[in-house]
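Structure record follows, encoded as structure tokens.
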Amino acid sequence: MRDIHPGGAPRPRIAVFAGPTATILNTPDLITSNKARARHGLPLRPSHFDVLRPQRLAAPATVYIEAFSAHPLERDAARLYAPPDGWLDEDGRFHPEQPFDDATPVYVVELHPDDGLYPLPYMARQANGSAWEETAATPFAPPEAARQTFYPDARRLYEEIERFGLADHGTSVALWSIADFDFFRAAPSGGYTADPDSERLGQDFFVYYPYHLQSEPGLMDLAQATNQVQAVLATGEYDGAQWLEGSPTVDETLYWLGLMVDTTGPVIGHAAQRRHQSLSADGDRNVVDGVKYIASGVALDERGEDRVGACVIVDELVYSARDVTKVDARPGGYEVTGGHGGVVADLGGYGPPQLTYLPARRHTHCSELRLTVLPQQVIGVAGTLETGVSLVDVATKDANGLISTAMPHVTITKYGRYAATRMDTGSPSTADDEVEILARIKANLAKAPLAGFVCEGMSPFGMADPTRNAALNVAIFAGMPVVRTGRGNTGGMAYRTDPTFISGNNLTATKARLLLMAALLKLGALPPAADPFNPTPDERAATEKAVAQYQTLFDTH
């Protein structure tokens with residue numbers, strides 16, 4: 001049974017997923033305070049004030065708070081205030097009545113462990129008694145001698161936002177008062193490493209700080225995270241989902257989830273350019289805006305189903321995940337790509353979220369690539385370019401969702417003018433000089449039965465130089481679909497100039513890669529030619545027919 005708001009409406013329930021390398025879940029290094037340094041005779045840091053970090057009391061404490069110290073002009077309005085709880089004399093003794101004119105007026109408060117977190121000096125030291133000066137015990141220390149700065153899930157983040165965040169009119173930030181949350185770890189940024197069956201850096205969790213310990217998730221991790229998100233949302237218990245990830249890649253993951261996850265609730269992503277707790281941390285506000293967006297119901301149609309699709313909510317704007325990308329490491333460092341729309345709602349000011357337009361592309365519950373309608377098996381390719389390419393069955397899905405080892409391998413290749421080998425009209429274009437593409441084709445045939453390429457070519461048409469085109473033709477007739485996209489932030493559509501290539505429309509290369517991965521899971525490989533270097537007219541016709549199915553997906557998603 002859902003909890004009910006005082007106004008009678010059901011409280012929304014939100015699933016919150018912790019993703020990889022997430023600055024929004026990252027905190028500044030825990031540095032030993034000067035209070036601890038003075039207590040233990042350690043050299044002091046040259047700081048005017050000690051930094052206070054959120055921590056929990058172990059026992060109740062009585063605290064005397066100086067009256068009129070919350071604002072420089074409080075005393076100016078003293079006539080508006082009730083009398084203080086008492087006064088402290090110069091020796092610190094409490095008096096319920098004012099003992100003399102210059103006694104300090106105070107409020108008396110009992111602080112308890114169950115009050116929650118309080119900002120306090122950080123008193124911890126290293127095992128050898130020295131002060132913590134950074135996250136690791138020593139510079140460039142191995143993982144076993146380094147602490148973690150990322151939270152393992154978002155529970156502590158949400159607690160601190162509500163505990164320490166201030167709403168515009170001085171009240172606490174509303175999170176649990178307007179929604180309920182469950183927290184999940186999908187390829188998280190922090191891991192538990194102390195237990196016998198401890199999690200492993202780079203396999204169970206993925207960090208970028210300390211920088212020398214950076215790790216990245218792979219295709220198998222993406223498959224497992226997708227399965228988890230689908231399983232959680234398929235319970236029907238949640239009105240929406242928030243996904244927290246590093247700012248350079250959150251738009252990619254959200255576009256993928258928008259293609260794959262079958263849910264009628266909003267799926268939104270958040271990132272941060274600055275660590276949680278740091279000066280002007282932007283991620284906290286992004287989280288609050290996401291809760292506000294889901295709770296408002298603005299994304300839902302008359303049937304109560306999401307009509308917007310997967311979004312990234314940052315800097316008080318709601319971006320379509322298909323159309324947004326990070327351009328700079330600062331708040332406001334996101335832009336719309338593709339030249340058409342992208343900002344679907346506004347969260348600025350004091351009013352409720354307002355939609356600005358509805359995307360025309362398929363997503364989530366209406367996506368033709370959602371996990372629930374994908375086949376359990378497709379056809380892949382294997383073999384060699386020298387001895388021939390054959391068709392193989394590839395199991396892509398089981399009762400648990402995607403089979404991680406079957407995830408398609410899609411490679412991005414980028415066009416640049418002034419190729420190493422000059423081709424003239426007297427020398428026909430051949431693929432021989434594209435050693436990187438040919439090597440990748442051979443590796444795919446050996447290890448990745450579902451594979452493809454994205455060519456980031458001229459903007460907007462996606463054309464590349466003749467030798468690269470020739471090499472990509474070999475890939476196509478070896479069973480690997482190729483998508484053409486424009487270079488950079490193209491504002492136009494990559495129109496079809498060759499029916500054997502897929503047009504990526506106005507997608508960036510990174511987004512086209514994800515869509516091609518999803519399409520391979522639905523359609524499988526292209527029909528290979530007996531000789532990929534020299535396809536027959538019939539083989540070309542069969543390939544064009546198969547590519548047309550891919551093109552339909554790219555035109556609609």
Side-chain angles (χ1 to χ4, degrees), residues 15 17 186-187 217-236 238 241 243 252-265 267 305-306 309-310 321-322 359 361-382 391-411 444 447-454 479-483 502 504 507 510-527 545-557:
F17 296 91
L219 286 174
M220 294 179 65
D221 305 300
L222 177 61
Q224 292 164 6
T226 305
N227 293 342
Q228 183 185 28
V229 174
Q230 178 64 69
V232 168
L233 298 185
T235 63
Y238 299 97
W243 174 278
E252 294 180 48
T253 305
L254 263 292
Y255 181 50
W256 171 262
L257 294 176
L259 294 171
M260 300 294 294
V261 175
D262 191 353
T263 180
T264 58
V267 178
E305 298 178 345
D306 181 35
R322 183 186 186 276
R361 307 285 178 168
R362 292 182 175 273
H363 60 81
T364 53
H365 59 94
C366 57
S367 170
E368 294 182 15
L369 299 165
R370 62 193 187 276
L371 192 55
T372 54
V373 300
L374 289 180
Q376 292 189 310
Q377 180 175 292
V378 296
I379 300 297
V381 288
L391 299 175
V392 295
D393 292 331
V394 181
T396 55
K397 196 174 74 169
D398 58 20
N400 297 317
L402 294 174
I403 297 175
S404 58
T405 54
M407 288 289 283
H409 290 209
V410 175
T411 303
N444 289 344
K447 298 180 180 179
L450 296 178
F453 289 83
V454 174
M480 302 170 203
V482 177
V483 181
I502 303 163
L507 286 170
T510 51
K511 300 286 176 62
R513 172 178 174 261
L514 294 168
L515 182 50
L516 183 55
M517 287 165 53
L520 279 160
L521 291 170
K522 179 180 180 67
L523 301 175
L526 299 176
K545 182 177 179 180
V547 167
Q549 294 180 279
Y550 274 91
Q551 190 62 60
T552 298
L553 295 175
F554 271 77
D555 290 342
T556 55
H557 291 74

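We count residues from 1, following the sequence as given. Reckoned from all heavy atoms, side chains included, excluding hydrogens, waters and symmetry mates.
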Practice item. Using a 4.5 Å cut-off on heavy atoms from C-beta on, say whether the side chain of V483 contacts that of Y550. Key: no

Check your understanding: Are side-chain heavy atoms of L515 and L259 found at a separation under 4.5 Å?
Key -> yes

Practice item. Measure the shortest side-chain to side-chain distance between H363 and V267 over non-hydrogen atoms and say whether it is less than 4.5 angstrom. Key: no

Practice item. Grab the two heavy atoms, one from A321 and one from L254, that are nearest each other, plus how far apart they are. Key: CB-CB, 3.7 Å

Revision key, fill the gap. Rounded to the nearest 0.5 angstrom, the CD-NZ distance for Q549 and K522 is 9.0 Å

Practice item. Would you check, one step at a time, whether the test side chain to side chain contact (heavy atoms under 4.5 Å, CB included) holds for R322 with L507? Key: CA-CA 8 Å; R322 183 186 186 276; L507 286 170; 3.5 Å; yes

Practice item. Locate the shortest heavy-atom distance separating H365 from D306; write the atom from each residue and the value. Key: NE2-O, 2.8 Å

Exercise for review: Evaluate the side-chain proximity of L516 to P481: yes if any heavy-atom separation is below 4.5 Å, no if none is.
Suggested key: yes

Practice item. Of all the heavy-atom pairs spanning A525 and V381, show the shortest one and how long it is. Key: CB-CG1, 3.8 Å

Exercise for review: Could you check T405 against M220 for side chain to side chain contact (heavy atoms under 4.5 Å, CB included), going step by step and ending with a plain yes or no?
Suggested key: CA-CA 6 Å; T405 54; M220 294 179 65; 4.2 Å; yes

Review point. Is there side-chain contact between I403 and D398, with heavy atoms separated by less than 4.5 Å?
Key: yes

Review point. Run the side chain to side chain contact (heavy atoms under 4.5 Å, CB included) check on H557 and E368 step by step: do they pass?
Key: CA-CA 8 Å; H557 291 74; E368 294 182 15; 3.7 Å; yes

Practice item. Of all the heavy-atom pairs spanning K397 and P375, show the shortest one and how long it is. Key: CB-O, 3.9 Å

Review point. Would you call M517 and L514 a side-chain contact if the rule is heavy atoms closer than 4.5 Å?
Key: yes

Point to revise | Straight-line distance of I379 CD1 to L526 CG, nearest 0.5 Å | key: 12.5 Å

Review point. CE/M407 to CG/L450 distance, rounded to the nearest 0.5 angstrom?
Key: 10.5 Å

**Study point:** Side-chain touch V454/T411, heavy atoms, less than 4.5 angstrom
**Key:** no

**Study point:** Side-chain (T552) to main-chain (A548) donor-acceptor, under 3.5 angstrom
**Key:** yes

Review point. Closest approach of L233 and A15, non-hydrogen atoms and distance?
Key: CD2-CB, 4.3 Å

Check your understanding: Counting distance only, does the side-chain N/O of N227 pair as donor-acceptor with the main-chain N or O of L402 below 3.5 Å?
Key -> yes

Practice item. With rounding to the nearest 0.5 Å, note down the distance linking OG1 in T372 to CE in M260. Key: 9.5 Å

Check your understanding: Do any N or O atoms from the side chain of K511 and from the backbone of G504 form a donor-acceptor pair under 3.5 angstrom?
Key -> no

Check your understanding: Can you tell me how far OG1 of T263 sits from CD of Q230, rounded to the nearest 0.5 angstrom?
Key -> 7.5 Å

Study note, to complete from the structure: To the nearest 0.5 Å, atom CD of Q376 lies from atom CG of D393 at 13.0 Å

Point to revise | Side chain proximity check, F453 to N444, heavy atoms < 4.5 angstrom | key: yes

**Study point:** For the student: nearest non-hydrogen atoms of R362 and S367, plus distance
**Key:** CB-CA, 4.1 Å

Practice item. Under the side chain to side chain contact (heavy atoms under 4.5 Å, CB included) rule, what do T396 and L374 come out as? Steps first, then yes or no, please. Key: CA-CA 9 Å; T396 55; L374 289 180; 5.9 Å; no

